[in-house]
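These numbers come from the heavy atoms of this one structure, side chains and all, not from hydrogens, waters or symmetry mates. For reference, positions follow the sequence shown, starting with 1.
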Amino acid sequence: MKHAKRLPIKDLLFKYRIVVMLGAIVVLGFTGIFSVQARQKQATPHVQADKPATSRQISAQQRHVKRQLHTYFKKLTADGTTSITFYNLGANKGSQSAKSAVANQFYKSGKLATSANAHTPEVTASTYKIYIAAYLFHLSSQQAYTWTPTNQDGFHRMIVNSDNDFPEGILDTYGLAGINEYLGSEGLYAPTFVMNQESMTTAASLQKMLVKLARADAPFNNAHNRQWLLSLMKQQVYRDGIPAGAAAATKGTLVADKVGWLADTNNDAGIVTLPNGQRYVLVIMTHGHGQTGFTGFPRMAKITKHVQKLVYNPQLVKNLE
């Protein structure tokens, strides 16, 4: 019986060189993969997925948004014909946004507030009727005013239709000095009412009064009176300013506001509530630019839309959560 002749190692390697090469490639490939994975693991050993933002990061984002908003306001008011204020109120209790700890911190009341030209006296036009409402609620709390059916009707028309007969009657009955004194005691611009002159106020003063209304602070601490006023402001018929802009920015947004127009003055002051429960106060006072009637209101709508999209972009909170 003949035995097969055994080939030397080098001849075996040559004979099966293709198989050897393929095996080496496979081994080297797996070695490379494991090496890369090991390096990646060593480079980020402590990273946690979906880690929530820190208070410091939230504050940095707040400053960024506020700076953007203020820069926009400064540009709007550069020629002196516009006054504007923004004040974030936070979310309504029990609302969707109120359930988010990050949203609560980011939109904490007043943290994003800013303004431009807000302390310059401007013609109130019919926004002064917010002050008349506040004064009557103040008198009512002291049992110094009675809400007769006639008074209720006049109040309704003053807010919803911006009729003048009722508030002018209040000014005549109680006197300019007494109402100015009350406004001054509330920390608002005074004197607002001067005989034979147009009534004057500031965007900052209107904002302060609306923040009181939103928070149910005196003189709006009577629940019935407060809800009545807010309901009428939501029904007021001139809605081409803040209400139009807020709805264009976010469908379903609600606005309780009071407008004013006189000669080239167009003003709007409102409390805005987004569908997710976030709320803010916005006051825009404008004049000049050849405005007549309501021609300035589309511009105020455009401003409102920009402000709301800038401050309440859902991605802001999502990026922090």
message = Ignoring hydrogens, what is the shortest heavy-atom contact between T77 and T82? Give both atom names and the distance.
response = CG2-O, 3.1 Å
Heavy-atom closest pair, residues S100 and E321 = OG-OE2, 2.7 Å
inquiry  = I'd like to check I179 versus L171 (side-chain heavy atoms, cut-off strictly below 4.5 Å). Are they in contact?
reply    = yes
ask   = How would you list, by chain and number, every residue that makes a ring-ring contact (aromatic ring centres under 6.0 Å, His included) with H138, sequence neighbours excluded?
value = Y182
query = So, the side chain of S115 versus the backbone of A118: is there a donor-acceptor pair under 3.5 Å, distance only?
reply = no
ask   = N161 side chain to Q236 main-chain N or O, any donor-acceptor pair under 3.5 Å?
value = no
message = If we ignore hydrogens and angles and just use 3.5 Å, is the side chain of N88 paired with the main-chain N or O of K108 as donor and acceptor?
response = yes
query = Do S205 and T202 have a side chain donor and acceptor closer than 3.5 Å?
reply = yes
query = Out of curiosity, does L254 fall in the hydrophobic cluster containing L213 (side-chain heavy atoms, cut-off under 4.5 Å, transitive links)?
reply = no
request  = Kindly work out whether a path of hydrophobic side-chain contacts (I/L/V/M/F/W/Y, heavy atoms less than 4.5 Å apart) joins F166 to V237.
outcome  = yes
S83 to A203 - nearest heavy-atom pair and separation = CB-CB, 4.0 Å
ask   = Under the 3.5 angstrom rule, does the side chain of T173 hit a backbone N or O of G169 as a donor-acceptor pair?
value = yes
key: Within the 6.0 Å centroid threshold, strictly below: Y128 and F193   = yes
key: Reference residue I84; test side-chain contact (heavy atoms from CB on, under 4.5 Å); the match among N117, V283, L282   = L282
query = Just checking, any donor-acceptor pair under 3.5 angstrom between side chains of S199 and T124?
reply = yes
Of all pairs that satisfy ring-ring contact (aromatic ring centres under 6.0 Å, His included), the ones with a partner from residues 223-264, not counting sequence neighbours = W147-W228, F155-W228, Y238-W261, Y238-F294, W261-F294
ask   = CG of L112 to CG of L69: how many Å apart, nearest 0.5 Å?
value = 8.0 Å
ask   = Does the side chain of T250 pick up a donor-acceptor pair with the side chain of Q308 at under 3.5 Å?
value = yes
query = Got a donor-acceptor contact below 3.5 angstrom from the N104 side chain to the K99 backbone?
reply = no
request  = Scan residues 140-169 for pairs that pass salt bridge (charged side-chain N to carboxylate O under 4.0 Å, His left out), counting only residues two or more places apart or in two chains.
outcome  = D153-R157, R157-D163, R157-D165
key: Heavy-atom closest pair, residues A269 and I130   = CB-CD1, 4.4 Å
request  = Mark yes or no for whether D268, through its side chain, and I242, through its backbone, hold a donor-acceptor pair below 3.5 Å.
outcome  = yes
ask   = Any side-chain heavy atom of L210 within less than 4.5 Å of one from M233?
value = yes
inquiry  = Could you check whether E186 pairs with K212 (Lys NZ or Arg NE/NH1/NH2 to Asp/Glu carboxylate O, under 4.0 Å)?
reply    = yes
task = Could you list all the salt bridge (charged side-chain N to carboxylate O under 4.0 Å, His left out) pairs where at least one residue sits in residues 240-267, not counting sequence neighbours?
result = R239-D257
note = Value for OG1 (T81) from CG (L76), rounded to nearest 0.5 Å, stands at 9.5 Å
message = Show, in sequence, the C-alpha distance, side-chain angles and deciding distance for S162 and S126, and conclude whether the side chain to side chain donor-acceptor pair (under 3.5 Å) test is met.
response = CA-CA 7 Å; S162 205; S126 286; 3.2 Å; yes
request  = Examine distances only and state if a side-chain atom of N180 and a backbone atom of T192 form a donor-acceptor pair shorter than 3.5 Å.
outcome  = yes
inquiry  = For the backbone of A246 and the side chain of T304, can you confirm whether one donor and one acceptor N or O come within less than 3.5 Å of each other?
reply    = no
ask   = Nearest heavy-atom pair of G260 and A125: which atoms, and what distance?
value = C-CB, 3.4 Å
note = CD of Q197 to CE of M195, rounded to nearest 0.5 Å, is 10.5 Å
query = Rounded to the nearest 0.5 Å, how far does CG of N276 lie from OG of S95?
reply = 6.5 Å
key: Members sharing Y189's hydrophobic cluster (side chains within less than 4.5 Å)   = V123, M200, L262
message = Applying side chain to side chain contact (heavy atoms under 4.5 Å, CB included) to K111 and S59, what does each step give before you reach the verdict?
response = CA-CA 9 Å; K111 284 292 185 178; S59 295; over 6 Å; no
query = Distance only, no hydrogens: is a donor on one side chain within 3.5 Å (strictly under) of an acceptor on the other, for T114 and R67?
reply = no
ask   = When you look at NZ of K66, are more than 12 heavy atoms from neighbouring residues, nucleotides or ligands closer to it than 6.0 Å?
value = yes
request  = Identify the residue among F73, Y72, Y280 that makes a ring-ring contact (aromatic ring centres under 6.0 Å, His included) with F86.
outcome  = Y280
ask   = To the nearest 0.5 Å, what is the distance between CE (M300) and OG1 (T286)?
value = 5.0 Å
request  = Mind checking the CG-CG spacing from L139 to L136? Nearest 0.5 Å is all I need.
outcome  = 6.0 Å
task = Mind jotting down which residue pairs meet the ring-ring contact (aromatic ring centres under 6.0 Å, His included) criterion with at least one end in residues 97-127? Sequence neighbours excluded, please.
result = Y107-Y312
query = Side chains of K129 and N164: is there a donor and an acceptor less than 3.5 Å apart?
reply = yes
ask   = Among V255, T253, N92, L230, which residue meets the side-chain contact (heavy atoms from CB on, under 4.5 Å) test with T273?
value = N92
query = Are S55 and Q105 close enough that a side-chain donor and a side-chain acceptor fall under 3.5 Å?
reply = yes
ask   = Take atom CD in Q68; do more than 12 heavy atoms of anything else shown fall under 6.0 Å from it?
value = yes
ask   = Can you name the closest pair of heavy atoms from G80 and H287 and give their distance?
value = O-CE1, 3.5 Å
ask   = Do we see a donor-acceptor contact under 3.5 Å between the side chains of H289 and D79?
value = yes
